[in-house]
There are 2 protein chains.
Amino acid sequence: MKRLPVPDQDIRLAVDAVVFGYANNALQVLLIKQKFGGTQAQWALAGGFVRTHEGITEAVIRELNEETGLRLTYLEQLYTFGDTLNRDPRGRVVTVAYFALVNALTIAPKADTDALEAAWFPENELPPLAFDHKEIVAKARERLRAKLTYQPIGFELLEKTFPFSDLENLYCTLLGKEIDRRNFRKKIMAFGLVVDTGQQVTGKSGRPARLFRFDKKKYQQLAKDGFIFEISFA
Amino acid sequence: MKRLPVPDQDIRLAVDAVVFGYANNALQVLLIKQKFGGTQAQWALAGGFVRTHEGITEAVIRELNEETGLRLTYLEQLYTFGDTLNRDPRGRVVTVAYFALVNALTIAPKADTDALEAAWFPENELPPLAFDHKEIVAKARERLRAKLTYQPIGFELLEKTFPFSDLENLYCTLLGKEIDRRNFRKKIMAFGLVVDTGQQVTGKSGRPARLFRFDKKKYQQLAKDGFIFEISFA
DNA sequence: ACAAAAGTGTTAATCTTACACCCATGT
DNA sequence: ACATGGGTGTAAGATTAACACTTTTGT
């Protein structure tokens with residue numbers, strides 16, 4: 001088979017991931033301290049260059065694993081940043097950004113690989129970021145806000161079983177709105193996708209909370225038939 | 001300034017555009033007959049390789065202009081296809097796909113440039129497509145369906161002034177639903193974004209239709225303040 | 001007994017749906 | 001006069017929004 005012509009191009013392809021977690025009633029963003037730059041090392045998103053023989057999604061998963069060992073609960077492509085020619089001082093780099101969620105802020109420190117330091121920052125206390133990563137985080141934040149209202153994505157930020165108030169808080173915090181607790185519970189429960197595990201959680205002050213679980217299988221079943229998890233607020 | 005290291009990578013970056021038009025009560029897709037392949041030349045999306053010193057959006061616009069001379073009414077990034085290593089026989093090619101709309105199916109034949117042939121196909125009569133372009137079109141189609149219900153994107157497929165029935169038809173056709181004409185008109189009019197131009201269009205049989213116009217400026221103003229053009233159907 | 005958080009129903013208002021006839025023009 | 005597509009209102013049903021007190025535990 002004839003090898004068809006391919007153009008000369010001096011463009012690198014990278015991937016970056018905006019990983020969100022939820023802790024202390026606040027949205028947290030995962031950042032990595034860059035290797036290069038010495039004392040001026042900046043914080044940046046997890047990511048790196050795509051290898052010639054790996055898919056781009058494969059590449060993000062690999063980079064995230066190398067840098068943090070995190071176990072993701074959700075991953076989707078976000079947007080490709082390639083309109084700015086000098087986003088990266090190393091040359092022309094186009095990056096495919098991903099949007100990821102985790103339900104536990106556990107970073108496995110891996111001394112043997114390339115990450116110097118990985119840490120969680122509350123979204124309103126982000127340090128200065130490398131490249132155009134601030135813009136990428138903003139886009140991811142917007143995606144998160146939007147998806148919360150039409151996909152059951154909030155559950156991916158909570159542990160498998162959770163008290164209902166955690167869910168309430170998550171929605172209030174991430175959407176920046178006060179939400180009527182009674183109406184919220186009614187709406188969520190009406191889907192029939194959140195089930196009572198029977199367990200209770202005690203320990204804190206106040207009445208013990210029951211623990212709930214999101215029935216993901218049932219959701220995926222329904223989603224196939226065109227069901228949309230949609231929730232709106234006053 | 002020290003030149004930082006950049007990896008060896010043998011990946012090309014391309015852009016492709018799914019351009020939709022609306023004519024004869026049907027959604028139309030713009031396709032280009034590929035230059036290479038001789039008698040086996042296949043139809044494909046408009047697109048090509050990104051140049052080292054141009055932005056990716058710039059690249060789609062350039063390619064579209066070179067190949068068709070089309071005047072777009074809407075353009076946004078769709079998705080980046082880079083998980084399949086052999087999507088392109090020429091080697092590892094990652095493509096950033098764009099989603100575009102036009103309100104007139106006018107292709108300027110440009111003999112001097114690279115396009116052999118460009119043509120519109122109704123969405124249900126697409127020929128076999130090159131690479132994974134079928135998948136890309138499917139994704140764009142899905143985006144179109146989704147956006148129709150929460151962004152005033154349908155207007156981009158109509159001429160500047162249009163009879164209301166065109167808008168009705170467009171929604172019915174593209175969403176594959178029967179829509180109550182009275183309710184539809186009420187909902188659309190309630191936004192206050194579609195204004196009567198006072199003109200009428202006659203010529204066809206039946207009562208003459210008034211011509212309307214979408215007030216894009218007003219929409220953009222409202223959109224800044226968080227307004228969402230949302231429309232749902234029974 | 002009190003503090004702290006969890007849990008729960010009803011009503012009014014709004015929005016959505018279903019539905020059928022008259023109007024203005026060309027032939 | 002009739003055929004063709006354009007234009008319009010109302011009533012019943014469904015959904016959403018507003019609102020406050022009781023329950024269970026720990027201290």
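Lettering of chains follows the sequences in order, A, B, ..., and the numbering in each one begins at 1. Scope of the values below: all heavy atoms of this structure, side chains included, with no hydrogens, waters or symmetry mates.
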- Query: When the distance from CZ of Phe184(B) to P of dT16(C) is rounded to whole Å, what number comes out?
  - Reply: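 Going from CZ in Phe184(B) over to P in dT16(C) covers 14 Å.
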
- Task: Round to a whole Å and report the spacing from CE of Met189(A) to C1' of dA6(C).
- Result: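 The answer, rounded to whole Å, is 12 Å.
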
- Query: Between Tyr150(B) and Ile231(B), is a side-chain contact (heavy atoms from CB on, under 4.5 Å) present by the stated rule, with each step listed?
  - Reply: CA-CA 6 Å; Tyr150(B) 66 86; Ile231(B) 189 157; over 6 Å; no

Donor-acceptor pair, [X] side chain versus [Y] backbone, under 3.5 Å?
| X | Y | answer |
| --- | --- | --- |
| Asp196(B) | Gly198(B) | yes |
| Thr73(A) | Leu101(A) | yes |
| Gln28(B) | Ala23(B) | yes |

- Query: chain B on DNA chain D: first and last contacting nucleotide, 5' to 3', under 4.0 Å to a heavy atom?
  - Reply: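 Going 5' to 3' along DNA chain D, contacts run dT4(D) to dT10(D).
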
- Does Phe233(A) have Lys177(A) sitting over its ring (NZ/CZ under 6.0 Å from centre, angle to axis within 45°)?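 Output no; distance or angle outside limits.
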
- May I ask you to check if Arg185(B) and Phe164(B) form a cation-pi contact, with NZ or CZ under 6.0 angstrom from the six-membered ring centre and within 45° of the axis?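 Relative to the ring axis of Phe164(B), which defines the angle, Arg185(B) lies inside both limits.
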
So which protein nitrogen or oxygen atoms get under 3.5 Å of nucleotides 12-15 of chain C's nitrogens or oxygens?
none

- Task: Look at Glu58(A) together with Arg62(A) and state whether they make a salt bridge at an N to O cut-off of under 4.0 Å.
- Result: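 Arg62(A) and Glu58(A): not salt-bridged.
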
- Task: Please determine if Arg145(B) and Glu142(B) form a salt bridge, counting it only when a charged side-chain N lies under 4.0 Å from a carboxylate O.
- Result: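 Yes.
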
- How does protein reach along nucleotides 18-27 of chain C, written 5' to 3' as B (base within reach of a heavy atom under 4.0 Å), S (only sugar-phosphate), or - (no contact)? BBB--BBBS-

